[in-house]
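The structure under discussion appears below in the form of structure tokens.
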Number of protein chains: 2
Amino acid sequence: MYSSHLLPSAGSAVPSVFDGPTEPLTLDCLFAGQPADKFAAGEGVFWEGDTASDICQIVEGCLRLYRILPDGRRAIMGFRFAGETLGLSCEGTYCYTAEAVTPVRLRRLSRARLRAMGEEVRPLQPLLLAKVFEEIRAARQHIIVLGQLGAEERTAHFLVSAARRTGADRRRPVTIELPMTRQDIADYLGLTIETVCRVLSKLKRDGLVALEGRHRIVLLRMTNLQHLAGEFDDAEPQAPTWTPAKWPH
Amino acid sequence: MYSSHLLPSAGSAVPSVFDGPTEPLTLDCLFAGQPADKFAAGEGVFWEGDTASDICQIVEGCLRLYRILPDGRRAIMGFRFAGETLGLSCEGTYCYTAEAVTPVRLRRLSRARLRAMGEEVRPLQPLLLAKVFEEIRAARQHIIVLGQLGAEERTAHFLVSAARRTGADRRRPVTIELPMTRQDIADYLGLTIETVCRVLSKLKRDGLVALEGRHRIVLLRMTNLQHLAGEFDDAEPQAPTWTPAKWPH
DNA sequence: CGGAAAATTGACTTACATCAAACTCAGTGG
DNA sequence: CCACTGAGTTTGATGTAAGTCAATTTTCCG
């Protein structure tokens with residue numbers, strides 16, 4: 001019964017098995033009732049290690065999620081924008097710190113409350129689970145970006161996926177807002193701030209993007225950028241040309 | 001009720017997910033009835049893009065999980081050893097190829113069947129979910145390794161976590177089996193085979209490890225290795241008593 | 001405006017990749 | 001049993017992408 005949600009049948013992302021009257025039911029509805037907390041730019045929403053008591057949905061603004069390594073390095077795990085949620089795929093304690101990049105308004109929902117709601121509203125489960133899977137997918141993507149791509153490729157990938165997130169159609173000049181600093185981008189991409197700058201300058205020189213102030217970039221040649229980014233995320237099931245490596249004992 | 005599984009209350013996660021097979025009720029019981037398929041070294045179990053119809057549990061052997069990028073690069077997402085499962089945190093289609101490193105025996109369980117079982121055996125859900133969360137945790141770990149650590153740190157981290165996976169106690173010389181090739185390790189760590197070799201040679205020269213043949217390594221100085229690896233994963237709230245080193249690699 | 005923080009650019013360094021041998025084994029067959 | 005073989009590994013020489021250090025220049029916010 002309910003387990004069908006945890007084990008979605010092949011096919012569509014959000015399990016359609018128990019859809020019924022789907023329309024008016026999303027997480028938004030649950031969050032809608034909650035009061036909106038406000039945070040100033042630079043303010044922390046929660047910290048790594050805190051008890052993960054709430055799920056949050058951003059009403060407005062942008063957050064950075066990061067961990068600080070023992071030696072002081074900062075690894076940004078991702079950014080969250082209006083409409084997105086955070087805190088769902090943590091067990092027990094938050095596994096990163098969430099900090100406002102811009103002024104942020106967000107709604108909280110305690111796990112206890114969400115749990116209670118989940119019992120009454122059955123189709124809630126697959127929605128939550130879909131978000132968890134989406135996070136895994138994003139994490140795997142990030143692994144490939146960091147492990148395999150060069151500085152230019154990483155940056156192109158970042159821009160393209162930012163554009164994709166806005167929902168803007170692929171066609172022609174897409175303008176994206178990047179409220180975070182260059183340092184944030186660098187810490188996200190595993191590069192230095194200087195390298196990020198140089199790459200952006202190069203992309204500009206090559207006519208692939210236009211820089212409008214610090215926080216707005218126009219992607220002029222999406223196709224080229226996607227190609228630079230590797231395009232490994234899209235469909236295209238590569239023919240498996242594996243080597244018949246054998247076990248050398 | 002069941003939603004409490006998807007939204008585990010703060011505090012303890014499901015006890016030691018990664019421990020060896022514990023008696024009472026685990027996935028092992030479900031897999032126990034299934035016949036064991038055999039695969040020769042180098043043989044594929046499933047391919048990226050295949051319909052993710054089964055969950056697999058490895059009875060014996062080692063698998064590598066990877067994706068091939070459009071330009072031919074191979075990104076190894078992870079390895080799986082005896083007792084571990086694969087295919088759980090995929091939606092619809094497998095998101096990587098699974099290939100035997102050594103001869104492998106594994107049991108399959110169709111999602112449909114697992115779903116059916118999940119209805120009868122209630123405590124099954126949290127077990128599955130725990131595995132999903134564990135994968136997220138591992139992916140985040142990998143992101144930090146690839147984004148922030150240098151070659152030596154990455155390699156040390158790989159060794160330490162391999163040791164941890166065997167369940168061997170932290171104390172004193174731990175011998176680990178690494179059935180995969182150096183190339184596999186390189187593709188997993190985002191390095192070249194030469195760099196992996198050089199790092200291992202250096203660790204040997206420094207007396208941190210001993211190399212016994214190609215596929216066995218003795219970790220002589222766990223503490224040093226852990227320190228090299230950054231130690232950012234364990235509990236240990238690391239008092240920041242250390243100088244804010246810059247960006248060494 | 002004015003000043004400080006952020007971004008950019010340039011000169012130089014370094015860690016890792018690349019290219020190229022040589023070495024090590026484990027499997028095979030004489 | 002031992003030489004042959006070839007994949008896998010190791011080591012060395014060299015190249016290069018990205019990091020580091022150090023100025024500027026730009027932006028934006030009071």
Side-chain angles (χ1 to χ4, degrees), chain A residues 40-42 64 71-74 101-103 145-156 158 177-205 209-217 228 242-249, chain B residues 40-42 64 71-74 101-103 145-156 158 178-206 209-217 228 244-249:
Chain A
R64 64 183 145 242
D71 66 354
R73 281 174 284 193
R74 184 183 67 161
V101 171
T102 65
V145 168
L146 296 178
Q148 309 293 327
L149 307 190
E152 204 170 337
E153 298 171 298
R154 293 187 203 188
T155 308
F158 175 72
E177 296 290 332
L178 297 178
M180 69 291 291
T181 67
R182 299 288 191 260
Q183 185 64 60
D184 288 334
I185 298 174
D187 288 347
Y188 176 70
L189 294 177
L191 300 169
T192 59
I193 184 175
E194 293 95 331
T195 297
V196 170
C197 277
R198 273 187 259 269
V199 169
L200 288 176
S201 296
K202 180 171 191 300
L203 293 178
K204 177 186 173 184
R205 209 164 38 245
V209 307
L211 307 177
E212 302 188 341
R214 291 171 174 174
H215 299 294
R216 174 173 298 140
I217 300 188
L228 246 183
W242 84 96
T243 50
K246 63 179 198 174
W247 171 229
H249 185 271
Chain B
R64 61 182 147 244
D71 67 354
R73 278 173 287 192
R74 183 182 68 160
V101 171
T102 66
V145 168
L146 296 178
Q148 308 294 327
L149 306 189
E152 205 170 336
E153 297 172 299
R154 293 187 203 187
T155 307
F158 174 71
L178 297 178
M180 68 292 290
T181 67
R182 299 289 192 258
Q183 185 64 61
D184 288 334
I185 299 174
D187 288 348
Y188 175 71
L189 293 178
L191 300 169
T192 59
I193 184 174
E194 294 96 330
T195 297
V196 170
C197 279
R198 272 187 259 270
V199 169
L200 288 176
S201 296
K202 180 171 190 300
L203 293 178
K204 177 185 174 185
R205 205 162 43 244
D206 296 349
V209 307
L211 307 177
E212 302 189 340
R214 293 172 173 176
H215 299 292
R216 175 173 297 141
I217 300 188
L228 247 183
K246 316 156 211 173
W247 240 83
H249 257 208

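Letters A, B, ... are given to chains in the order of the sequence lines, protein chains preceding strands, and every chain is numbered from 1.
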Rounded distance in Å - CG (A:Leu200) to P (C:dA6): 17 Å
Presence of A:Thr195 side-chain N/O under 4.0 Å of D:dA18 phosphate oxygens OP1/OP2: no
Atom-pair distance (CG on B:Leu191; P on D:dT10), nearest Å: 14 Å
Close side-chain approach of A:Leu228 and A:Leu203, heavy atoms under 4.5 Å: yes
Presence of donor-acceptor pair under 3.5 Å, side chain of A:Arg198 and base of D:dT20: yes
Side chains of B:Val199 and B:Leu191 in contact at under 4.5 Å (non-hydrogen atoms): no
Touch class at under 4.0 angstrom, heavy-atom based, for A:Gly150 against every strand present: sugar-phosphate
Sub-4.5 Å side-chain heavy-atom contact between B:Arg74 and B:Asp184: yes
Between P of D:dC28 and NE2 of A:His215, the distance in whole Å: 7 Å
Out of D:dA7, C:dA17, C:dT8, whichever nucleotide has its closest atom nearest the side chain of A:Ser201: C:dT8
B:Glu212 CD - C:dA26 P separation (whole Å): 13 Å
Atom pair CD (B:Glu152) and CZ (B:Arg198), whose distance is rounded to the nearest 0.5 Å: 13.0 Å
Proximity to the side chain of B:Arg214 - top-ranked nucleotide from C:dC25, C:dT8, D:dT27: C:dC25
Heavy-atom check, side chain of B:Lys204 versus side chain of B:Leu200, under 4.5 Å: no
Protein-nucleotide distance (B:Arg182, atom CZ; D:dA7, atom P), rounded to Å: 18 Å
Rounded distance in Å - CD (A:Glu153) to P (C:dA17): 14 Å
Nucleotide nearest A:Leu211 (side chain, heavy atoms from C-beta), chosen from C:dT8, D:dT10, D:dT9: C:dT8
Comparing A:Val196 and B:Thr192 on DNA chain C - which has the more 5′ nearest nucleotide: A:Val196
Protein-nucleotide distance (B:Ile193, atom CD1; D:dT11, atom P), rounded to Å: 12 Å
Side chain B:Glu194 and base C:dC16 donor-acceptor under 3.5 Å: no
Interatomic distance where CZ belongs to B:Arg205 and C1' belongs to D:dT10 [whole Å]: 12 Å
